[in-house]
Amino acid sequence: MGFITRPPHRFLSLLCPGLRIPRLSVPCAQPRPRAMAISSSSCKLPLVAVCQVTSTPDKQQNFKTCAELVREAARLGACLAFLPEAFDFIARDPAETLRLSEPLGGRLLEEYTQLARECGLWLSLGGFHERGQDWEQTQKIYNCHVLLNSKVGAVVATYRKTHLCDVEIPGQGPMCESNSTMPGPSLESPVSTPAGKVGLAVCYDMRFPELSLALAQAGAEILTYPSAFGSVTGPAHWEVLLRARAIETQCYVVAAAQCGRHHEKRASYGHSMVVDPWGTVVARCSEGPGLCLARIDLSYLRQLRQHLPVFQHRRPDLYGNLGHPLS
């Protein structure tokens, strides 16, 4: 079950009987097919939190906002909190992006390490502007998805965004991520977390089903697409793509998003959500910064894969060379 969220501090008892929850309004889960019904109590299932923020060039203010949401997620019993792409900052231009960037061993990641340890939950840091080991040679950064564990806040996985967003959408303005960012060299194997095996991706990656299928075939049960979608592509493609990735991989999809106006040059669509393996949106953030919660039911996922065994029916002999440019 998932929930729509609103700004604090209104209380409703929605997750489990007797539990009072700030920032929540009404459930948005739709009924599952009767054949897929699960009898176990939903309150025993792992709870994840999806955070929605409006990052600016002010890194410390951004951290305060994210930390407030993470602490709230911990109070509500979440085992894993997801932050969006560019949770650290959204700059006004490539030069400012490079100036504000840090290495993984810098001050900001140390603050998040302490936060994960303090709150006792895992953190998906959806897109950190990372100065990599090749910074001195390239003077470019990586868009790095960092996963921290809950015990010591250690970095357990890093994925550097492989598909860079170099596009020009009428009405949305041009974006050339490669001006300041290097593409990552490889995918990251799915990581076991208290909520399930998480496959890491970032924003524009969701347009490439080959990546999601590769992660699912490697064992992913949850795909995560931290994002900062624009105002034109958001209404047209955001939910459609996320539901498609969930249906075709039979995975949960978690998408933490940037929202609102970051500065005079940029705004983001928002609508953070969680989609279950059937393609149902089971949690969705309301307008503005906040969070939404969802239970991850892996027995339901396994049952769905058993009833609809699409991975057993694939024909790689017919379409094994996908990914080449169109002729």
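These numbers were taken from a predicted model, which means no experiment stands behind them.
- Between His307 and Gln250 there is no side-chain heavy-atom pair separated by less than 4.5 Å.
- Not counting sequence neighbours, the partners of Ser55 by the side chain to side chain donor-acceptor pair (under 3.5 Å) test are Gln258.
- In this view, Glu85 and Lys161 satisfy the salt bridge (charged side-chain N to carboxylate O under 4.0 Å, His left out) rule, not counting sequence neighbours.
- Sorted pairs that involve residues 187-206 and meet salt bridge (charged side-chain N to carboxylate O under 4.0 Å, His left out), not counting sequence neighbours, are lacking altogether.
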Self-check item: Audit row: Asp166, Met175, side-chain contact (heavy atoms from CB on, under 4.5 Å) steps and yes/no
Solution: CA-CA 5 Å; Asp166 289 357; Met175 174 171 287; over 6 Å; no
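- Other residues, nucleotides and ligands contribute more than 12 heavy atoms inside 6.0 Å of the CD atom of Gln114.
- Contact annotation: the side chain of His163 never approaches that of Pro183 to less than 4.5 Å [non-hydrogen atoms, C-beta and beyond].
- For Lys140, the salt bridge (charged side-chain N to carboxylate O under 4.0 Å, His left out) criterion is met by no residue, not counting sequence neighbours.
- Rounding to the nearest 0.5 Å places SG of Cys259 at 12.0 Å from OH of Tyr269.
- Considering only heavy atoms from C-beta on, Pro190 stays 4.5 Å or farther from Gln217 through its side chain.
- The side-chain heavy atoms of Met206 and Val253, taken from C-beta on, include no pair separated by under 4.5 Å.
- Among pairs with a residue in residues 230-242, those fulfilling salt bridge (charged side-chain N to carboxylate O under 4.0 Å, His left out) read Glu239-Arg243, Glu239-Arg284, at least two apart in sequence or across chains.
- Expressed to the nearest 0.5 Å, how far CD1 of Ile222 lies from CG of Leu80 amounts to 7.0 Å.
- Applying the side chain to side chain donor-acceptor pair (under 3.5 Å) criterion to Arg302, with sequence neighbours excluded, gives no partner residue.
- Taking CZ of Arg71 as the start and CG of Leu115 as the end, the distance is 5.5 Å to the nearest 0.5 Å.
- Atoms CZ and OH, on Arg207 and Tyr225 in that order, are 12.0 Å from each other to the nearest 0.5 Å.
- Screening residues 225-234 for salt bridge (charged side-chain N to carboxylate O under 4.0 Å, His left out) gives no qualifying pairs among residues at least two apart or on separate chains.
- Annotation for Ser212 and Leu223: closest pair CB-CD1, 3.7 Å, computed over non-hydrogen atoms.
- Side-chain atoms of Trp238 never come within 3.5 Å of backbone atoms of Phe229 as a donor-acceptor pair (strictly under, hydrogens ignored).
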Quiz prompt | Test log, rule side-chain contact (heavy atoms from CB on, under 4.5 Å), inputs Trp122 and Cys79 | solution = CA-CA 6 Å; Trp122 288 56; Cys79 64; 5.9 Å; no
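- Residue-environment remark: CD (Gln139) exceeds the threshold of 12 foreign heavy atoms within 6.0 Å.
- Between Phe128 and Leu83 the shortest side-chain heavy-atom distance does not fall below 4.5 Å.
- Here Leu164 contributes atom CG and Tyr142 contributes atom OH; the two are 10.5 Å apart, rounded to the nearest 0.5 Å.
- Shown here are the side chain to side chain donor-acceptor pair (under 3.5 Å) partners of Thr193, two or more places apart in sequence or in another chain: there are none.
- Checking each of Val198, Val275, Asp276 against Tyr252 for a side chain to side chain contact (heavy atoms under 4.5 Å, CB included) leaves exactly one that passes, namely Asp276.
- Sorted by first and then second residue, the pairs that involve residues 95-110 and meet salt bridge (charged side-chain N to carboxylate O under 4.0 Å, His left out), not counting sequence neighbours, are Lys59-Glu102, Arg92-Glu96, Glu96-Arg99.
- When side chains are defined from C-beta on, Tyr159 does not count as touching Leu147, because their heavy atoms never get closer than 4.5 Å.
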Practice problem: Please assess Ile296 against Glu221 for the test side-chain contact (heavy atoms from CB on, under 4.5 Å), listing each intermediate value before the final yes or no. | Solution: CA-CA 10 Å; Ile296 303 297; Glu221 297 161 324; over 6 Å; no
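- For the residue pair Asn143/Thr181, the side-chain donor-acceptor check at 3.5 Å is not satisfied.
- The only member of Asn149, Leu148, Leu104 that meets side chain to side chain contact (heavy atoms under 4.5 Å, CB included) when paired with Val155 is Leu148.
- By the salt bridge (charged side-chain N to carboxylate O under 4.0 Å, His left out) test, Glu168 is found to be paired with no residue, residues two or more places apart in sequence or in another chain being considered.
- Within the model, atoms CZ of Phe89 and CG of Asp58 stand 12.0 Å from one another, a figure rounded to the nearest 0.5 Å.
- Of all non-hydrogen atoms in Leu298 and Ala195, the two that sit nearest each other are CD1-O, 3.8 Å.
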Quiz item: Between Val50 and Met273, does a side-chain contact (heavy atoms from CB on, under 4.5 Å) hold up when you go through it step by step?
Solution: CA-CA 7 Å; Val50 185; Met273 65 179 63; over 6 Å; no
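- Pairs of residues two or more places apart, or lying in two chains, that qualify as ring-ring contact (aromatic ring centres under 6.0 Å, His included) and include a residue from residues 62-84 are Phe63-Tyr112.
- Aromatic ring orientation, Phe208 versus Tyr204: perpendicular (interplanar angle above 60°, classes split at 30° and 60°).
- Each side chain to side chain donor-acceptor pair (under 3.5 Å) pair with one or both residues in residues 123-132, not counting sequence neighbours, appears once here: Asp88-His129, Ser101-Arg131, Ser124-His145, Glu130-Arg160.
- Counting all heavy atoms, side chain and backbone alike, Pro226 lies closest to Gly126 at CG-O, 3.1 Å.
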